[in-house]
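As the structure is a prediction and not an experimental result, all values here were calculated from the model. Just so you know, residue 1 is the first one in the sequence shown, and it goes up from there.
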Amino acid sequence: GGDAALPKVTVQAAVLRDAQTADWSLDGTVDFGGLVLTGGGRFAPSLEMTWRAQHEPIEKAVGALASLGPLPVRVVPPGHIDADVQLSRRVDGPLTFNARAVLDAKSLSFDPALPTLDAVRVTLRLDQRGLVIEPLEGRLAGGAVRLVAQLVPPAPDGTSLAPHPYLPRL
């Protein structure tokens, strides 16, 4: 572990400077081990960027993510992923991000001792407040499964954060 090489990353982009506003922007593509993201936006003096993966094969996404470290789940193709990532930072402000992904796969398994979830479709949202699964749907042992969950990091003082606004009230 830890010795695996990162995937090949190729960036093709146009960098532009607006003469009137002095803003710098970037538009292009990033190929991260076969997973292609397109997008761009302003990067100076403030940051407002959006990157998208549209209907990419799930095995490309899994391969790119697995190169960063072990995944807690085994994803079985065929399947696809659609994702949007937004980055924002005002001058002298904190960096914020908002990511949303929808993926479908033949199956998911979390542990060999647990049953496999088949015909999977899941929507994930990630930002500073945590990860929201809204929903994960599939078939488990022949029956339909629907899961909605929130994984929230603790606040700096150790207390729990408020429920994520994306999470539906039950």
Inset, instruction - Flag yes if Met49 and Val15 sit in one hydrophobic cluster, no otherwise; membership is Ile, Leu, Val, Met, Phe, Trp, Tyr, and two members link when side-chain heavy atoms are under 4.5 Å apart. - result: yes
Inset, instruction - Group every Ile, Leu, Val, Met, Phe, Trp and Tyr by side-chain heavy-atom contacts under 4.5 Å, then state whether Leu26 and Trp24 land in the same group. - result: yes
Inset, instruction - Specify the closest pair of heavy atoms between Leu140 and Thr116, including all atoms of both residues, with the distance to one decimal. - result: CD1-O, 3.4 Å
Inset, instruction - For Val122, enumerate each residue passing the side-chain contact (heavy atoms from CB on, under 4.5 Å) test, keeping only those at least two apart in sequence or located in another chain. - result: Leu103, Leu124, Ile133, Leu136
Could you tabulate the donor-acceptor pairs under 3.5 Å formed by side-chain atoms of residues 33-42, not counting sequence neighbours?
| unit_1 | atom_1 | unit_2 | atom_2 | d |
| --- | --- | --- | --- | --- |
| Arg42 | NE | Ser46 | OG | 3.1 |
| Arg42 | NH2 | Ser46 | OG | 3.3 |

Inset, instruction - Would you check, one step at a time, whether the test side chain to side chain contact (heavy atoms under 4.5 Å, CB included) holds for Gln150 with Leu131? - result: CA-CA 6 Å; Gln150 177 182 9; Leu131 174 68; over 6 Å; no
Inset, instruction - Show your working on side chain to side chain contact (heavy atoms under 4.5 Å, CB included) between Thr10 and Val30 and close with a plain yes or no. - result: CA-CA 6 Å; Thr10 305; Val30 176; over 6 Å; no
Legend entry - Shortest non-hydrogen contact between Ile58 and Pro78, atoms and distance: CG2-C, 4.2 Å
Inset, instruction - First locate atom OG1 of Thr29, then atom CD of Gln12, and finally report the distance between them rounded to the nearest 0.5 Å. - result: 4.5 Å
Inset, instruction - Can you run down the ring-ring contact (aromatic ring centres under 6.0 Å, His included) pairs that involve residues 47-88, sequence neighbours left out, and say none if there aren't any? - result: His55-His80
Inset, instruction - Measure the spacing between CZ of Phe43 and CG of Asp23 and express it to the nearest 0.5 Å. - result: 10.0 Å
Inset, instruction - Indicate if Val75 and Val102 have the same hydrophobic cluster label, given that clusters are the connected sets of ILVMFWY residues with side-chain heavy-atom separations under 4.5 angstrom. - result: no
Inset, instruction - Any pair with a residue in residues 101-123 that passes salt bridge (charged side-chain N to carboxylate O under 4.0 Å, His left out), sequence neighbours left out, goes on the list, sorted by first then second residue, please. - result: none
Inset, instruction - Sorted by first residue and then second, give each salt bridge (charged side-chain N to carboxylate O under 4.0 Å, His left out) pair with at least one member in residues 45-65; sequence neighbours left out. - result: Glu48-Arg90, Arg52-Asp84
Inset, instruction - Check whether any side-chain heavy atom of Val76 lies under 4.5 Å from a side-chain heavy atom of Leu108, and answer yes or no. - result: no
Legend entry - Exercise: identify the closest heavy-atom pair between Pro45 and Ala22: CD-O, 4.4 Å
Legend entry - salt bridge (Lys or Arg N to Asp or Glu O under 4.0 Å) partners for Arg17, two or more places apart: none
Inset, instruction - Check whether any side-chain heavy atom of Leu114 sits under 4.5 Å from a side-chain heavy atom of Ser109, and report yes or no. - result: no
Legend entry - Close side-chain approach of Phe97 to Leu126, heavy-atom, < 4.5 Å: yes
Inset, instruction - Could you tell me whether the side chain of Arg139 reaches within less than 4.5 Å of the side chain of Leu117, counting heavy atoms only? - result: no
